[in-house]
Amino acid sequence: MGRPHRRRDCGHGAAHRERCRIQSKQLHSTVPTPPARRLPPHAILYHHHHHRVVLAHTPYRPPPSTAAMAGASSYFSLRRLLLLLLPLVPLLGATTAAAAGANSSVTYDHRSLIISGRRRLLISTSIHYPRSVPEMWPKLVAEAKDGGADCVETYVFWNGHEPAQGQYYFEERFDLVRFAKIVKDAGLYMILRIGPFVAAEWTFGGVPVWLHYAPGTVFRTNNEPFKSHMKRFTTYIVDMMKKEQFFASQGGHIILAQVENEYGDMEQAYGAGAKPYAMWAASMALAQNTGVPWIMCQQYDAPDPVINTCNSFYCDQFKPNSPTKPKFWTENWPGWFQTFGESNPHRPPEDVAFSVARFFGKGGSLQNYYVYHGGTNFGRTTGGPFITTSYDYDAPIDEYGLRRLPKWAHLRDLHKSIKLGEHTLLYGNSSFVSLGPQQEADVYTDQSGGCVAFLSNVDSEKDKVVTFQSRSYDLPAWSVSILPDCKNVAFNTAKVRSQTLMMDMVPANLESSKVDGWSIFREKYGIWGNIDLVRNGFVDHINTTKDSTDYLWYTTSFDVDGSHLAGGNHVLHIESKGHAVQAFLNNELIGSAYGNGSKSNFSVEMPVNLRAGKNKLSLLSMTVGLQNGGPMYEWAGAGITSVKISGMENRIIDLSSNKWEYKIGLEGEYYSLFKADKGKDIRWMPQSEPPKNQPMTWYKVNVDVPQGDDPVGLDMQSMGKGLAWLNGNAIGRYWPRISPVSDRCTSSCDYRGTFSPNKCRRGCGQPTQRWYHVPRSWFHPSGNTLVIFEEKGGDPTKITFSRRTVASVCSFVSEHYPSIDLESWDRNTQNDGRDAAKVQLSCPKGKSISSVKFVSFGNPSGTCRSYQQGSCHHPNSISVVEKACLNMNGCTVSLSDEGFGEDLCPGVTKTLAIEADCS
């Protein structure tokens, strides 16, 4: 997924193109253009070899020319090579499958993947292994399976696996083989998106930063050095999977592999080198001999037999580029990512379900949620820049690994409903029936008498009653009803039967004892240790640090004539390519400034108090994740570009061409104060009470394990901005940056109509991210050490752990909601689907319904925690629900319960709304 820096797949049709145009304008606004925004220095590499700083000279890296990007290879010679390989591809799948057993073959036709000789309709779920911890993987995979998944999909993160050239890492969160085995043991298929460019809101799009500095390398174009490295890593991953016999052709569970990622929209920007590169990537992948099909998402010219796929909020109108290829949806975005300083997006479950039902109704056969579990961007892995440490994504499984209800359950029921008609959908004939101006039916029938219908109302405002095969059906606006037998409604996308879980973050004590309490270490403002670099003028931040750290000090001195100081209002003017800066004058903090997710560069004016004689100015430039996509994204730079001082008798001092001294990183980083074995380092100074509102300060404290087994978050609302570690494990960047009060939030969310990330936003005027996930597996039984580096200043005494718990459950069900039991469906024995609708509530294991806070049977309105009685309300509502539910772990209440009494409001569609506490 190429999130903030690439255009979207627009599918077909005016509505889709307009949606995509709007999204592209918003999301593509920070794409760098050639010429490069980064002006590399003529020398200096920085390497961390434990505690040594090594300076090495490298040649100047100018931005690429169009001719260089085109490369020497001819597009036509690549195409001829590809054509030679194509006839061999079916044989590769057939021969290797035969060797492992005929039932292991994976092929495809125009309708679907064919696994073991049978067409398959597949629900896939993205779970990125480095965004959680190994101890979470089994439960995450199990939750996906329980939610109706057939597959687990993941990217492969190149820069996590090859942090230095030729040095591979596949341990802990990056243990790809262990993750793949867990998926296999759960009985699920796997889709491996090798890329190795992945975007994914992951720093540098997953490509190692060192590759940008490999001589002659230009990313993602017909460039021989880049292609050589890309092929080498792809082969390394494929060989690793082959060694474990994971490919389906070997009897394993990997049924699809992906090369490249969303390149189709980039081709025009890359010029003459784009097409040959895309064709080379396809031929390189095919030559890997995996025995399973390859896909290229958003690659409109993907050559046979590579399957081109769709990524978008809606893909029902997508068509593959060949009539021989099936219709696949590799990224259905069930939410959206978060950006520091902005409100948080939310995609309603009704709309997610609508998009999925439309896709399968229009002939789709494989759909993948990007993401089903987003997880956490631990450490410094966030991209963007300015993407939050949380990658929750409003996904069906939340950042902490808990089901997000009703979204998880609503989609589970959707999957069951679709699967009821799998054989008819894949082997039957389809027909289209118009039911009204914006109402329609997609109908599938097979030779055995099977019949499946998708009744759609794409009107975004008006509910409709339609007639289909002599029966009437209620279709809410912007909804799809699924009829697995062309008679009974098993599911409607707008009618959410699942309960809603309301989560709370319950504070827990942080400190374990006063005996071994707080310690601190203060950073020096400016140069510490030996100077790394001296230049007249500015160097690029990223070129200098090579992303070994977020931090780069720019320091200079200048003299001021005392006669120019009198009566002046002196102002420091700073311009930066991004992402953030803190300014210190004469060892005093004078201010901070930041870019944002839509514009990394910024300028700022800060009042300053100059003194006669020598003045020392130290600027700490900071990055907040590297750009993760867009044309030639690797050339996007960061750092200071101009520094001036005004207010001295109409004179302006321009310091931009001064002699500047540079220091890479922080002293605390250099001495690895965050590591678990550095707790007794003599640099730590014990404190009876930690200092508050102190910039550039490291804090260390001994902490207890929060009680229970609920997931844990670190509440950083009292702090400014910085980094956090527990027992040496990098929690990530924290920054409780507050979003504007008027940042597109709405009091209610209308699921109807086309979704975009600006719709249904929440949290205006609040921190974008207050809590930071700390996996329980990172805690020891005792002796846990929390380390914080604070940049701006805050109150560390108010930091707390919080347990993520279910506080209350809600449900809102109307009598016309589908009531068919999806578990025991039998089209030959179903009644007319008019059994009474039911409300089902359940608290987590070990908890019970302790109080019923709201009940109304009639025509209530509102959402969980804000329900309101309507004009129709049965007074017996509370007693019926309390009798069935109080002190129970779970309960079921039928809307036909006799306890509600006589109908007080004839002609009114009855709804039962309940809110109850769990404890």
*asked:* Please report the interatomic distance OG1(Thr309) to CD1(Ile191), rounded to the nearest 0.5 Å.
replied: 9.5 Å

*Quick one: do the Thr154 and Arg193 side chains pair a donor with an acceptor below 3.5 Å?*
no

*Side chains of Asn368 and Ser124, donor plus acceptor under 3.5 Å*: yes

*Using only heavy-atom distances, determine whether the side chains of Asn889 and Ser848 contain a donor-acceptor pair under 3.5 Å.*
no

*Thr500: side-chain contact (heavy atoms from CB on, under 4.5 Å) partners, not counting sequence neighbours*: Pro406, Met502, Cys810, Cys864

*Could you state the interatomic distance from CD1 (Ile254) to CD (Glu244), rounded to the nearest 0.5 Å?*
10.0 Å

*Determine the minimum heavy-atom distance between Gly361 and Asp442, stating which atoms define it.*
O-CB, 3.3 Å

*Side-chain contact, heavy-atom cut-off 4.5 Å: Lys242 with Gln250?*
yes

*Please report the C-alpha distance between Asp710 and Arg776 in whole Å, then the side-chain angles of each, then the deciding distance to 0.1 Å, and finally whether the salt bridge (Lys or Arg N to Asp or Glu O under 4.0 Å) criterion is met.*
CA-CA 9 Å; Asp710 296 315; Arg776 278 203 172 264; 5.9 Å; no

*Search all heavy atoms of Cys310 against all heavy atoms of Gln298 and return the closest pair with its distance.*
C-OE1, 4.3 Å

*Do Lys407 and Asp394 meet the salt-bridge criterion of a basic N to acidic O distance under 4.0 Å?*
yes

*Indicate the ring-plane relationship of Tyr155 and His128, choosing parallel, tilted or perpendicular according to the 30° and 60° boundaries.*
tilted

*Heavy-atom pair with the smallest gap, counting every atom of Pro818 and Val489*: CB-O, 3.6 Å

*Is Arg412 positioned over the aromatic face of Tyr372, cation under 6.0 angstrom from the ring centre and no more than 45 degrees off axis?*
no

*Do any N or O atoms from the side chain of Thr493 and from the backbone of Val480 form a donor-acceptor pair under 3.5 angstrom?*
yes

*Roughly how far, to the nearest 0.5 Å, is CG of Asp392 from OG1 of Thr376?*
8.5 Å

*Quick one: do Arg232 and Glu162 make a salt bridge, cutoff under 4.0 Å?*
yes

*For residues 141-151, which residue pairs qualify under side-chain hydrogen bond (donor to acceptor under 3.5 Å, both in side chains), counting only residues two or more places apart or in two chains?*
Lys139-Glu143, Glu143-Arg403, Asp150-Lys419

*Nearest heavy-atom pair of Gln258 and Cys297: which atoms, and what distance?*
NE2-SG, 3.6 Å

_Does Val443 form a side-chain contact (heavy atoms from CB on, under 4.5 Å) with Val452? I'd like the steps, not just the answer._
CA-CA 6 Å; Val443 185; Val452 178; over 6 Å; no

*Give me the ring orientation class for Trp333 and Phe313: parallel if the planes are under 30° apart, tilted from 30 to 60°, perpendicular past 60°.*
perpendicular

*Is the shortest heavy-atom distance from the side chain of Glu331 to the side chain of Glu262 under 4.5 Å?*
yes

*Got a salt bridge between Glu422 and Arg120, using NZ or NE/NH1/NH2 to carboxylate O under 4.0 Å?*
yes

_Donor-acceptor pair between Glu153 and Ser126 side chains, under 3.5 angstrom_ = yes

_Looking at Phe170, is its backbone amide N or carbonyl O close enough to the side chain of Arg178 to form a donor-acceptor pair, meaning the two atoms are under 3.5 Å apart?_
no

*Regarding Asn159 and Trp202, is there a side-chain donor-to-acceptor distance under 3.5 Å anywhere?*
yes

*Kindly assign one of parallel, tilted or perpendicular to the pair Tyr391 and Tyr370, based on the angle between their ring planes and the thresholds 30° and 60°.*
perpendicular

_Over 60° means perpendicular and under 30° means parallel, so tell me whether Phe174 and His161 are parallel, tilted or perpendicular._
perpendicular

*Could you point out which residue of Arg404, Arg804, His373 forms a side-chain hydrogen bond (donor to acceptor under 3.5 Å, both in side chains) with Asp398?*
Arg804

*Who passes ring pair (Phe, Tyr, Trp, His ring centres under 6.0 Å) against His410, sequence neighbours left out?*
Phe491

_For Tyr108 versus Thr324, what's the shortest heavy-atom pair and its separation?_
CE1-O, 3.5 Å

*asked:* Distance check, rounded to the nearest 0.5 Å: Gln338 atom CD versus Thr389 atom OG1?
replied: 10.0 Å

_Tell me yes or no: SG of Cys918 and SG of Cys843, less than 2.5 Å apart?_
yes

*Using distance alone, with no hydrogens and no angle criterion, decide if Ser390 and Glu399 have a side-chain donor and acceptor under 3.5 Å apart.*
yes

*asked:* Quick check: do Ile115 and Tyr189 have side-chain heavy atoms less than 4.5 Å from each other?
replied: yes

*Which residues satisfy the ring pair (Phe, Tyr, Trp, His ring centres under 6.0 Å) test with Trp778, sequence neighbours excluded?*
Phe378

*Any idea how Tyr129 and Trp137 line up, ring-wise: parallel (<30°), tilted (30 to 60°), or perpendicular (>60°)?*
perpendicular

*First locate atom CG of Leu113, then atom CD1 of Ile307, and finally report the distance between them rounded to the nearest 0.5 Å.*
6.0 Å

*Would you kindly say whether Gln288 and Thr235 are connected by a side-chain donor-acceptor distance under 3.5 Å?*
yes

*Set of ring pair (Phe, Tyr, Trp, His ring centres under 6.0 Å) partners for Tyr444, sequence neighbours left out*: none

*Identify the heavy atoms of Phe755 and Asp351 that sit nearest to each other, and give their distance.*
CB-OD2, 3.3 Å

*Phe360/Trp329 under ring-ring contact (aromatic ring centres under 6.0 Å, His included): CA gap, chis, key distance, verdict*: CA-CA 10 Å; Phe360 284 110; Trp329 189 0; 8.3 Å; no

*Between Asn311 and Thr330, does a side chain to side chain donor-acceptor pair (under 3.5 Å) hold up when you go through it step by step?*
CA-CA 6 Å; Asn311 293 356; Thr330 36; 2.5 Å; yes

*State, without any angle test, whether Asn332 and Arg347 hold a side-chain donor-acceptor pair at a distance under 3.5 Å.*
yes

*asked:* Let's go through Arg118 and Ile114 carefully: what are the C-alpha distance in whole Å and the side-chain angles of both, what is the deciding distance for side-chain contact (heavy atoms from CB on, under 4.5 Å) to 0.1 Å, and is it a yes or a no?
replied: CA-CA 5 Å; Arg118 182 166 67 95; Ile114 300 172; 5.7 Å; no

*Short side-chain donor-acceptor distance under 3.5 Å, Asp446 and Ser448*: yes

*Under 3.5 Å side-chain donor-acceptor pair for Ser112 and Ser365*: no

*Can you tell if the side chain of Val352 reaches within under 4.5 Å of the side chain of Leu411, non-hydrogen atoms only?*
yes

*asked:* Within the supplied structure, the quantity of interest is the number of heavy atoms (other residues, nucleotides, ligands) at a distance under 6.0 Å from Lys362 NZ; does it exceed 12?
replied: yes

*Residue list, ring pair (Phe, Tyr, Trp, His ring centres under 6.0 Å) with Tyr427, at least two apart or on another chain*: His423

*When rounded to the nearest 0.5 angstrom, what is the spacing between CD1 in Ile482 and CG in Asp413?*
10.5 Å

